[in-house]
Protein chains: 2
Amino acid sequence: MNGTMNNKLFAQTAEPARDLASLRIETPPVTLREMALDRLRDAIIAGLFNPGQRLVERTLCDQLGVSRSVIREVLRHLETEGLVETAPKQGPIVARIDWRQARQIYDVRIALETTAVADCARNADSKTKEKLKAILQDLDRNSRKNDALTILTATTDFYETIFLSGVHEIAWDIVKRLNSRISRLRVMTLSTTNRTVSGPARMREIFNAIERNDPDAAAAACRAHIEEAARIAQSLLVPVDQPKL
Amino acid sequence: MNGTMNNKLFAQTAEPARDLASLRIETPPVTLREMALDRLRDAIIAGLFNPGQRLVERTLCDQLGVSRSVIREVLRHLETEGLVETAPKQGPIVARIDWRQARQIYDVRIALETTAVADCARNADSKTKEKLKAILQDLDRNSRKNDALTILTATTDFYETIFLSGVHEIAWDIVKRLNSRISRLRVMTLSTTNRTVSGPARMREIFNAIERNDPDAAAAACRAHIEEAARIAQSLLVPVDQPKL
DNA sequence: CGTCGTATTATGGTATACCATCATAAGGCA
DNA sequence: TGCCTTATGATGGTATACCATAATACGACG
């Protein structure tokens, strides 16, 4: 692994060019760093590392097969994202989440998502509505699988469509980042108390309000959606003093 | 500069311990990286580097007197914060800001700050109110200096007090980070069209609403405060196509 | 037997060396 | 003279070497 490995996994699945921009040879500046970043972030989000677990740099080097330079820059990135904390004199650990933080994250999400949803209800074009409808139908079709990950993905798509239907990339970025910090919570929440049913139901409420261009109702439904998730999260997080999670 | 310089600026002004925690010997893990991070961030915010300007790693090494490892980790951090962009194959540059982004940032600020302000109006204790009042009085006293930086600092203190009077550290973190991305804009905004007068006036409106525990009025005043800033920013940013700023 | 001191090791902090690539400039050929 | 080719330098990407420190374990001394 000495920098002289460049002929790697670029499948180059050259789709037929839809426009001139996509004609470009897919430049592969997929730096090691970016790959390592995605891998490690996914691993943390997926719960492969436990909160509070130490992330020893040299160990990560072996596990990811890259050098410490890469690992350290990745850790800096994840630190800024809030997924990793670095205790002075002890190095990086996977960030812990407690109810105090989680509650704040849900609060920020409420503030940002209700805004985006209301805006979408005001301005959504038919194409956006179609897309939202398709996502929900897909979800219905697969709902009997009760697959937490499927629902999570669909929920993400749903809100992404809403955010990006307006000019809200920055807000969406923030929400995405916050969600990654409570990812474990989200999965646990979904695995609990019929959330696999109520979640999609709430989303349908939001969609209905958007379809009939009712910003206030849409915002209210969105708030209800998040508050419900927050309540479940609280029940998971608060009872024990400093929960394992 | 070879890592063997440790005996530096720890004034160790040991105040009489107010509690057990503050008894701890102030550990000085002020790493080179942290210092470099603050320096570089401040330099960018202060406008020492122009937007779009290339940040050549080896040059920064000389300018800050540290090695490339440090510089690169700092750049990763600032990149995640949004202050630095890294063009593929060309390296990092100071992030540019256009009106599309700025408008979004003002939108997020409105969503978060109105929430915090309303919350503060609902729950603020007398101590918080006193502190807010003191900040405004200080501002009045110095207002004839018309010093943009003074007003900016006071504004920051004002909102920080509001955010932290409730449990909103995370939201405040987000707002701080967003503000750093529009720092130049904020300074320019303040230097324009009597903003040095209207800004404090708006803040006093907010304070009055908080003092009489009127969340809706407080939120409305806050929204007006930010919208006004946004309007000024727009007038600065939009006329020219891709402004120099 | 307990406690204190010392040696060892693990870890993060820092600096530097090397490589691939891209932009630019210089030079040769038509 | 103009364009194409080639050499060179600048830059970021990556790996590694070295150092300081903190935690741990082990041994000596009381």
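Bear in mind the structure is a predicted one, so any value in this text is a computation, not a measurement. In what follows, chains carry the letters A, B, and so on, assigned in the order in which the sequence lines appear, proteins first and then strands, with residues in each chain numbered from 1.
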Could you tell me the separation between the CG atom of A:Leu37 and the C1' atom of D:dG13, rounded to a whole number of Å?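 Distance check: A:Leu37 CG to D:dG13 C1' gives 15 Å.
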When rounded to whole Å, the CG to P distance for the pair B:Leu60 and C:dA15 reads 14 Å
Give a yes or no on whether the backbone of A:Gln53 and the side-chain of A:Asn50 come within a donor-acceptor separation of less than 3.5 Å.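 Checking the backbone N and O of A:Gln53 against the side chain of A:Asn50, no donor-acceptor pair under 3.5 Å is found.
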Quick note, salt bridge (Lys or Arg N to Asp or Glu O under 4.0 Å) partners involving residues 149-169 of chain A, not counting sequence neighbours, are A:Glu169-B:Arg100
Any ion pair linking [Y] and [X] (charged N to carboxylate O, less than 4.0 Å)?
| X | Y | answer |
| --- | --- | --- |
| B:Arg103 | B:Asp107 | yes |
| B:Asp38 | B:Arg41 | yes |
| A:Glu73 | A:Arg76 | no |

How would you list, by chain and number, every residue that makes a side chain to side chain donor-acceptor pair (under 3.5 Å) with A:Arg186, sequence neighbours excluded? none
Are OP1 or OP2 of C:dA15 and a side-chain N or O of B:Ser67 less than 4.0 angstrom apart? yes
Any residue meeting ring-ring contact (aromatic ring centres under 6.0 Å, His included) with A:Trp172, in chain and number order, not counting sequence neighbours: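 Partners of A:Trp172 by the ring-ring contact (aromatic ring centres under 6.0 Å, His included) criterion, ordered by chain and then number, come out as A:Phe163.
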Enumerate the protein-to-nucleotides 10-12 of chain C contacts in which both atoms are nitrogen or oxygen and the separation is below 3.5 Å.
residue: C:dG12; atom: OP2; partner: A:Glu57; partner atom: N; Å: 3.1
residue: C:dG12; atom: N7; partner: A:Arg58; partner atom: NH1; Å: 2.8
residue: C:dG12; atom: O6; partner: A:Arg58; partner atom: NH2; Å: 3.2

Side-chain donor-acceptor distances from residues 56-63 of chain B under 3.5 Å, at least two apart:
residue: B:Glu57; atom: OE1; partner: B:Arg68; partner atom: NE; Å: 3.1
residue: B:Glu57; atom: OE1; partner: B:Arg68; partner atom: NH2; Å: 2.8
residue: B:Glu57; atom: OE1; partner: B:Arg72; partner atom: NH1; Å: 3.3
residue: B:Glu57; atom: OE2; partner: B:Arg72; partner atom: NH1; Å: 2.8

Using five pairs at each end of the helix from C:dC1-D:dG30 to C:dA30-D:dT1 to define an axis, what is the angle between those two axes, to 10°?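 For the helix from C:dC1-D:dG30 to C:dA30-D:dT1, the axes at either end differ by 10°.
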